[in-house]
Amino acid sequence: MIQVNLANIRSFVTPNYETELAQRLRIAHDHLQNRDGVGNDYTGWVRLPADYDKDEFARIKAAAQKIQSDSEALVVIGIGGSYLGARGVIECLCSANYNLKKKNTPNIYFTGNGLSSDQMSEVVELLDGRDFSVNVISKSGTTTEPAVAFRFFRKLLEDKYGKEGAAKRIYATTDRARGALKTLADQAGYETFVVPDDVGGRYSVLTAVGLLPIAVAGVDIDALMSGAAAMMDTCANPDMATNPAWQYGCGRYELYRTGKKIEVLAAYEPNFRFMCEWWKQLYGESEGKENKGLFPASVEFTADLHSMGQYIQQGERHLFETVVRMGPSATTNIVPFDEVNGDGLNFLAGKDMDFIKLQAMDGTLLAHVEGGVPNIIVNMERCDAYALGELIYFFEYSCGLSGYLLEVNPFDQPGVEAYKKNMFALLGKPGYEELRQELLAKLNG
């Protein structure tokens, strides 16, 4: 079970802030539970761990087994919420070095999340001589970055296997009934999975969007969903004392009210890096509206204690930390004794790495609090698929609460469209001619 420790924020906040915010928090909670708040059309994730499509779930597992049997690699094409959650889970549970490890599952390459020609060429080169499949993820099928990437990899598949053979290796996760990708998939005969209408991209990791690549990596998606379902039941309880999402959402909002404008997420495991990236999109895209919202940042400890640690310790006092404790490691490594002791570390001989890491973590937390940086600790009992399912839902529910406390719509992202409009105009997309001329004039001074 996820537990939230708020002891290290107490000296930075109003002593009775939980009582002061209780009524607003209850209103936010009721909006999520009843699905009647602003943006309620995109709150399908709230009951998703219990109400997901069981037939599609079985098809996801069957497709994952097929890909494992006929492919040495899976290319996952998507951007934002269409790839961050899946990559976060795979790296967290299987290693950031997943593609380099000896294993009986395919390598997984994530692309279509940018516009780098070099990155595209590199993935193509990595696929040379290998059997591979493609999972293209897009609600509309017209989002520029994944749509461009899909053109390249679809051609690569068709050149290698022919159109019919390629169609059996393309899996489209898209709208249930409409859109460019759905139309193409139906015409070509691709197997399709659904991006639910009522679940936005950044909340979609527990749908087919995330579950197919996660399952291909060999992660137990039944356990992932079971953990999320357990946390869903916990978060439905309107009680500050027992609901960790209430505790976290309320605590971080109170810190925001006191002038802490940046939240830094940290973990002491390199494998957590892309979970941080998923978390940053979840909170940044949900809260950053109407000139409001915490700025979500992340660091990788202990490595970043030797770089960003200086700023956190003694820089401007406008931030706080949330630290995820991930439970004991799967392996044990004992520091060996050295007769010469040239490095002076024999005082650590016989101690395991987890013990050393824990002392570094506790020492850092105390130093940062003394330096004026409050921190929230999120404790996981262990790091497996069940526990990560709990953590995912915990962060999602806390995010919904936080958005409503800020009085913004936590489920839209109107600001994301601004760059797209300008990009389309500069690329010469039909219908943007007038804007194109305006932008060129500005660029040319």
Side-chain angles (χ1 to χ4, degrees), residues 53 55-57 59-60 62-64 66-67 70-71 73-86 106 108-117 119-121 123-124 127 130-201 204-205 207-216 416-417 420-421 423-424 427-432:
D53 186 331
D55 291 336
E56 182 179 65
F57 192 80
R59 287 200 302 113
I60 289 170
K66 179 179 180 297
I67 294 167
D70 69 11
S71 301
L74 173 67
V75 178
V76 180
I77 299 173
I79 194 168
S82 294
Y83 97 100
L84 284 172
I108 299 178
Y109 302 109
F110 291 92
T111 189
N113 46 60
L115 293 168
S116 169
S117 181
Q119 191 256 10
M120 177 82 68
S121 296
V123 176
V124 171
L127 295 172
R130 293 186 171 190
D131 287 317
F132 71 99
S133 296
V134 167
N135 177 205
V136 55
I137 306 166
S138 176
K139 180 75 169 172
S140 65
T142 59
T143 302
T144 304
E145 294 90 340
V148 167
F150 185 45
R151 283 199 174 195
F152 282 95
F153 289 100
R154 184 179 68 195
K155 184 178 187 302
L156 200 63
L157 278 172
E158 290 176 350
D159 289 346
K160 185 178 180 72
Y161 301 104
K163 287 199 172 184
E164 288 188 12
K168 296 176 182 177
R169 291 176 172 271
I170 296 175
Y171 302 83
T173 306
T174 187
D175 191 88
R176 184 183 302 275
R178 60 185 182 276
L181 181 55
K182 174 61 175 172
T183 300
L184 175 60
D186 288 346
Q187 291 173 348
Y190 308 153
E191 182 166 8
T192 60
F193 299 96
V194 174
V195 181
D197 289 337
D198 57 357
V199 179
S204 67
V205 61
T207 72
V209 170
L211 292 177
L212 180 56
I214 289 169
V216 170
V416 174
E417 302 306 315
K420 293 181 182 179
K421 181 179 66 173
M423 179 180 69
F424 290 153
L427 287 171
K429 185 175 182 177
Y432 289 81

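What's counted below: heavy atoms across the whole structure, side chains too, no hydrogens, waters or symmetry copies.
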In terms of relative ring orientation, are Tyr190 and Phe150 parallel, tilted or perpendicular, with 30° and 60° separating the classes?
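Tyr190 and Phe150: perpendicular rings.
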Under the side-chain contact (heavy atoms from CB on, under 4.5 Å) test, which residues partner Asp197, sequence neighbours left out?
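Partners of Asp197 under the side-chain contact (heavy atoms from CB on, under 4.5 Å) test: Lys139, Asp175.
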Are there more than 12 heavy atoms of other residues, nucleotides or ligands under 6.0 Å from atom [atom1] of [X]?
{"X": "Lys420", "atom1": "NZ", "answer": "yes"}
{"X": "Lys168", "atom1": "NZ", "answer": "no"}
{"X": "Lys155", "atom1": "NZ", "answer": "no"}

Going by the rule ring pair (Phe, Tyr, Trp, His ring centres under 6.0 Å), which residues pair with Tyr161 if we only count those two or more places apart in sequence or in a different chain?
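For Tyr161, no residue satisfies ring pair (Phe, Tyr, Trp, His ring centres under 6.0 Å) once neighbours in sequence are set aside.
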Separation of Phe152 CZ from Thr111 OG1 (nearest 0.5 Å):
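So the OG1 of Thr111 and the CZ of Phe152 are separated by 10.0 Å.
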Within this structure, what is the CG-CD1 distance for the pair Leu115 and Ile79, rounded to the nearest 0.5 Å?
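So the gap between those two atoms works out to 7.0 Å.
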Considering all heavy atoms, the nearest [X]-[Y] contact:
{"X": "Ser82", "Y": "Val209", "answer": "CA-CG1, 3.7 Å"}
{"X": "Gly141", "Y": "Ala147", "answer": "O-CB, 3.7 Å"}
{"X": "Leu212", "Y": "Phe193", "answer": "CD2-CE1, 4.0 Å"}
{"X": "Ala208", "Y": "Pro213", "answer": "O-CD, 4.3 Å"}

When you compare the side chain of Asp131 with that of Arg169, does any pair of heavy atoms fall below 4.5 Å?
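When only atoms from C-beta onward are counted, Asp131 and Arg169 do touch, with a gap below 4.5 Å.
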Donor-acceptor pair, Thr174 side chain versus Ser138 backbone, under 3.5 Å?
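Yes; at least one donor-acceptor contact below 3.5 Å.
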Would you check if the side chain of Gln119 reaches a backbone N or O of Gly114 as a donor-acceptor pair within less than 3.5 Å?
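Answer holds: no.
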For Arg59, is there an ion pair with Asp55 - N to carboxylate O distance below 4.0 angstrom?
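Looking at Asp55 and Arg59, the cut-off is not met.
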From CA spacing to verdict: side chain to side chain contact (heavy atoms under 4.5 Å, CB included), Thr144, Lys429
CA-CA 11 Å; Thr144 304; Lys429 185 175 182 177; over 6 Å; no
